Amino acid sequence: MTNYQSDLLRLLDDRGYIHQLTDGDGLDKLACETIVPGYIGFDATAPSLHVGSLVQIMMLRRLQQTGHKPIVLMGGGTTRIGDPSGKDESRKMLSDDDINNNIASIRRVFDNFLTFGDGPTDALMINNADWLENLGYLEILRDIGPHFTINRMLTFDAVKLRLDREQPLTFLEFNYMILQAYDFREMSRNIGCRLQLGGSDQWGNIVNGMELTRRVDGTQLFGLTTPLITTADGAKMGKTAGGATWLNSDQLAPYDYWQFWRNTQDADVGRFLRLFTDIDLEEIARLESLQGSEINEAKKILANAATAMAHGEEAASHAADTAQKTFEQGQAGSDLPVLEVSDSEISILDALVNIGFCASKGEAKRMVAGGGARINDEPVKDAGDLFSIGDDDIKISAGKKKHGLLRRVS
C-alpha cells in the first residue's frame, strides 16, 4: 500500500484496483486540488456488458464516491472496427442500428451504478462516434500518423500476442489503438478529461493517448489500470460453463446473477467484497476471516450486495428468498427459471435442454446417468422417462445448483 493523500487513490489502493499507474504522485496531487474527470471506454458489441466489465464500472463509481467526475465513453465509432486486445479473430461487424440499440440497452446498466446529471461530479455518457464519424482519413494521416511508429505499435502486448499465435491482424484493427489515443486527446480538449482508466490489457492504448496529447497540446494526462481479475482457480472473471454473466436483467435473471456471486470460491470472497461492493473494509476483514461453513454467510452477503447494486434491493431480496427456499427449505422459490409446457407431458431430456440446464440431449443423458437429474427432488433413473404436468408446478433440478419449474400452460 502506498501512502496516498487523495481520497481517490487511497480508496482505489485500499480496495485493490491499482495495477499500473502513470505518475502516481502527480495524479494524487491533482485529485487533492480539484475535481478530476476520468473515463473508461466500452464498445457496444452486445445489448449488455457482463461481469468481466464490472471492475471498470466500479472504478467509475469510486471516482464519483470520492468527489470526482466519471465519464462513460461508448464506442459507437470504435465498435465498427474492433479492439484486437486478447482476441484471436476479427470482431463481427454490426450495423449502425445494432450499435445504437446496444448503447441504449447498456445505458441502463450504468444508471444502477452512477448518478448522471449536470453537476460537477455527475456522471456523463458520451459516444465517440460524435467525432470519429466526421474524421477524414487524410486528416488522421497528416495530424495523428506522424506521432505513431509501427516499431512501437508492434511491441504492444495486444498486437504481439495476436502475431505470436500466427492469427491475422487486419489493418482495420491495427488502427484501433490510434483511434483510442485520439479519443483521449479529444476528451482532454473538449471536456477537460485528465484520466483514463482501464484493464491491464489497455495499458498501451492509454499511454498512446497520453503521449499524443502531450506532443500535440502539451497537456499532462494520467492513466491507471486494474489487474486482470481472475478467480482463485485461474479462470477469467465472469466466464462460466453456462456462458457470460450479463449485467442486464433481460439478458440474465437477477436470481441467476445472485447465484453467480453466491457460488464464489472461498478464497475469492474478501477480494470480491472489496472490488464489487460498498461494504466497509473493517466488516470485509471480519467476513473473509470466517472459516468452514460460516464463509457461506459471507458469500450470501456478497451476493445480496452485488445484486442490489446491479438490480435493486427488491430483486436481491427476492433472489435470496428463492435461494433459501430452494436450498435450505426444500421448496421451490418464486424466482426460479420456469419452462412453460403446452403438452400434458414432457421427457426429462427435453425438459433439461429446453430450460437451459443442458446444452444437448447427450449432455442431458449423461446428467441422468450420473444421478444429477431430479424431479421434485427425486432422482430420475431412466433417460427415457416422461413426466405428466398438471395444475401444480413440477420442480426440476440438475446437479446441486440448478433448479427450475415446469409449468403447464393451455
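Everything quoted here is computed from the prediction, not taken from an experiment. As a basis for the values below, the full set of heavy atoms in this structure was taken, side chains included, without hydrogen atoms, waters or symmetry mates. When a residue number appears, it is its place in the shown sequence, counting from 1.
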K.L.:
If I take atom CE from residue M58 and atom CE from residue M309, how far apart are they, to the nearest 0.5 angstrom?
P.N.:
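Answer rounded to 0.5 Å: 4.5 Å.
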K.L.:
Any chance the side chains of H19 and T226 put a donor and an acceptor closer than 3.5 Å?
P.N.:
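The answer is no; no qualifying pair exists.
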K.L.:
Could you check F272 against T277 for side chain to side chain contact (heavy atoms under 4.5 Å, CB included), going step by step and ending with a plain yes or no?
P.N.:
CA-CA 8 Å; F272 287 1; T277 79; over 6 Å; no
K.L.:
For residues Q220 and D23, determine if any side-chain heavy atom of one lies less than 4.5 Å from a side-chain heavy atom of the other.
P.N.:
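SC-SC contact between Q220 and D23 confirmed.
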K.L.:
Between D43 (side chain only) and T45 (backbone N and O only), is there a donor and an acceptor less than 3.5 Å apart?
P.N.:
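Absent.
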K.L.:
Just by modelled atom types, is the F113 backbone N or O under 3.5 Å from a matching donor or acceptor in the R61 side chain?
P.N.:
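Pair found, side chain donor or acceptor close to backbone of F113.
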K.L.:
Could you check whether any side-chain N or O of Y257 sits under 3.5 Å from a backbone N or O of W246, counting only pairs where one atom can act as donor and the other as acceptor?
P.N.:
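Pair absent, no side-chain N/O of Y257 close to backbone of W246.
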K.L.:
If you round to the nearest 0.5 Å, how far is CG of N304 from CD of E313?
P.N.:
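Going from the CD atom of E313 to the CG atom of N304 covers 8.5 Å.
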K.L.:
Just by distance, no angles: are the side chains of N248 and S105 close enough, under 3.5 Å, to form a donor-acceptor pair?
P.N.:
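Yes, because at least one side-chain N or O of N248 sits under 3.5 Å from a partner of the opposite role on S105.
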K.L.:
Closest heavy-atom contact between P227 and S200?
P.N.:
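The answer is C-OG, 4.4 Å.
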K.L.:
Ignoring hydrogens and geometry beyond distance, is a side-chain donor-acceptor pair present between Q196 and D183 at under 3.5 Å?
P.N.:
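No, because no side-chain N or O of Q196 sits under 3.5 Å from a partner of the opposite role on D183.
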K.L.:
My understanding is that only one of D13, L8, L12, D7 makes a side-chain contact (heavy atoms from CB on, under 4.5 Å) with R10; could you say which?
P.N.:
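Single pass found, and it is D7.
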K.L.:
Which heavy atom of T230 sits nearest a heavy atom of R271, and at what distance?
P.N.:
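Closest approach of T230 to R271, heavy atoms only: O-NH2, 2.6 Å.
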K.L.:
Backbone N or O of A303 within a donor-acceptor pair of the T307 side chain at under 3.5 Å?
P.N.:
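Pair found, side chain donor or acceptor close to backbone of A303.
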K.L.:
What are the two closest non-hydrogen atoms of L352 and S397, and how far apart are they?
P.N.:
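What the structure gives for the nearest pair is CD2-O, 4.4 Å.
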K.L.:
Before you tell me yes or no, could you show the steps for H147 and E211 under side chain to side chain contact (heavy atoms under 4.5 Å, CB included), namely the whole-Å CA-CA distance, both residues' side-chain angles and the distance that decides it to 0.1 Å?
P.N.:
CA-CA 9 Å; H147 300 287; E211 293 185 352; over 6 Å; no
K.L.:
Could you give me the CA-CA distance, side-chain angles and deciding distance for L273 and E283, then say whether side chain to side chain contact (heavy atoms under 4.5 Å, CB included) is met?
P.N.:
CA-CA 10 Å; L273 282 166; E283 174 63 7; over 6 Å; no
K.L.:
Treating S48 as the side-chain partner and L247 as the backbone partner, does any N or O pair qualify as donor plus acceptor under 3.5 Å?
P.N.:
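Side chain of S48 to backbone of L247, a donor-acceptor pair under 3.5 Å: yes, one is there.
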K.L.:
Work out which heavy atom in L73 is nearest to a heavy atom in N128; give both atom names and the distance.
P.N.:
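L73 and N128 have their closest heavy atoms at CD1-N, 3.7 Å.
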K.L.:
With side chains defined as the heavy atoms from C-beta onward, is the minimum distance between Y182 and D143 less than 4.5 Å?
P.N.:
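Result no, sub-4.5 Å side-chain heavy-atom pair not found.
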K.L.:
Looking at Q64 and T121, would you say the former's side chain and the latter's main chain have a donor-acceptor pair under 3.5 Å?
P.N.:
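Yes, because the side chain of Q64 sits within donor-acceptor range (under 3.5 Å) of the backbone of T121.
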K.L.:
Kindly give the heavy-atom pair with the smallest separation between A351 and I396, and that separation in Å.
P.N.:
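It is CB-CD1, 3.6 Å.
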K.L.:
For the residue pair T231 and D268, confirm or rule out a side-chain donor-acceptor distance under 3.5 Å.
P.N.:
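The answer is no; no qualifying pair exists.
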K.L.:
Would you say the side-chain atoms of Q251 pair up with the backbone N or O of P47, donor to acceptor, closer than 3.5 Å?
P.N.:
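Here the side-chain-to-backbone pair does not exist.
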K.L.:
Given 3.5 Å as the limit, does a donor-acceptor pair link the side chain of K69 with the main chain of D122, or not?
P.N.:
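Yes.
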K.L.:
Taking the side chain as every heavy atom from C-beta outward, state whether K29 and D25 have any pair of such atoms under 4.5 Å apart.
P.N.:
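Side-chain contact under 4.5 Å: no.
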K.L.:
At their closest point, which heavy atom of R185 faces which heavy atom of D217, and how far apart are they?
P.N.:
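The pair with the smallest heavy-atom distance is CG-OD2, 3.7 Å.
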K.L.:
Please report the interatomic distance CG(L405) to NZ(K395), rounded to the nearest 0.5 Å.
P.N.:
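If we round to the nearest 0.5 Å, L405:CG and K395:NZ are 9.0 Å apart.
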K.L.:
Would H50 and T245 satisfy side-chain hydrogen bond (donor to acceptor under 3.5 Å, both in side chains), going step by step from the backbone distance to the final call?
P.N.:
CA-CA 5 Å; H50 56 70; T245 303; over 6 Å; no
K.L.:
May I ask you to test the R374-H403 pair for a side-chain heavy-atom distance under 4.5 Å?
P.N.:
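Yes, at least one pair of side-chain atoms sits under 4.5 Å.
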K.L.:
Can you check whether L60 reaches L63 side chain to side chain, under 4.5 Å on heavy atoms?
P.N.:
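The answer is yes; the side chains approach within 4.5 Å.
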K.L.:
Under 6.0 Å from the CD atom of E33, do we count more than 12 heavy atoms belonging to anything else shown?
P.N.:
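It does: E33 CD has more than 12 such atoms within range.
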K.L.:
Measure the spacing between CG of N208 and CH2 of W203 and express it to the nearest 0.5 Å.
P.N.:
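Rounded to the nearest 0.5 Å, the CG-CH2 separation comes out at 11.5 Å.
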K.L.:
Who are the side chain to side chain contact (heavy atoms under 4.5 Å, CB included) partners of I301, not counting sequence neighbours?
P.N.:
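By the side chain to side chain contact (heavy atoms under 4.5 Å, CB included) rule, I301 matches I279, L287.
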K.L.:
Would you please test L281 and R274 for side chain to side chain contact (heavy atoms under 4.5 Å, CB included) and show each step?
P.N.:
CA-CA 7 Å; L281 290 174; R274 281 186 286 273; 3.7 Å; yes
K.L.:
Tell me whether D28 contacts the main-chain N or O of S6 through its side chain, where contact means a donor paired with an acceptor under 3.5 Å.
P.N.:
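Checking the backbone N and O of S6 against the side chain of D28, a donor-acceptor pair under 3.5 Å is found.
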K.L.:
For the OG1 atom of T219 and the CZ atom of F184, what is their distance to the nearest 0.5 Å?
P.N.:
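Reported value, rounded in 0.5 Å steps: 10.0 Å.
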K.L.:
With side chains defined as the heavy atoms from C-beta onward, is the minimum distance between Q56 and L49 less than 4.5 Å?
P.N.:
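No, side chains not in contact.
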K.L.:
Distance only, no hydrogens: is a donor on one side chain within 3.5 Å (strictly under) of an acceptor on the other, for R62 and Q65?
P.N.:
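The criterion, which ignores hydrogens and geometry beyond distance, is satisfied for Q65 and R62.
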K.L.:
Quick check for you: to the nearest 0.5 Å, what is the distance between C193 atom SG and N190 atom CG?
P.N.:
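Reported value, rounded in 0.5 Å steps: 11.0 Å.
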K.L.:
Heavy atoms, side chains only, cut-off 4.5 Å: are V216 and R189 in contact?
P.N.:
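Of all side-chain heavy-atom pairs linking R189 with V216, at least one is under 4.5 Å.
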K.L.:
When you compare the side chain of M187 with that of W131, does any pair of heavy atoms fall below 4.5 Å?
P.N.:
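They are in contact (side-chain heavy atoms under 4.5 Å apart), so the answer is yes.
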K.L.:
Just say parallel, tilted or perpendicular for the rings of F276 and W261, cut-offs at 30° and 60°.
P.N.:
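Because their plane-to-plane angle lies in the 30° to 60° range, the rings of F276 and W261 count as tilted.
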K.L.:
Check for a donor-acceptor pair, side chain of T213 on one end and backbone N or O of G209 on the other, with a separation under 3.5 Å.
P.N.:
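Side chain of T213 to backbone of G209, a donor-acceptor pair under 3.5 Å: yes, one is there.
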K.L.:
Check this for me, if you would: do K300 and E297 make a salt bridge, where the nitrogen-to-carboxylate-oxygen distance has to be below 4.0 angstrom?
P.N.:
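The answer is yes: the pair qualifies as a salt bridge.
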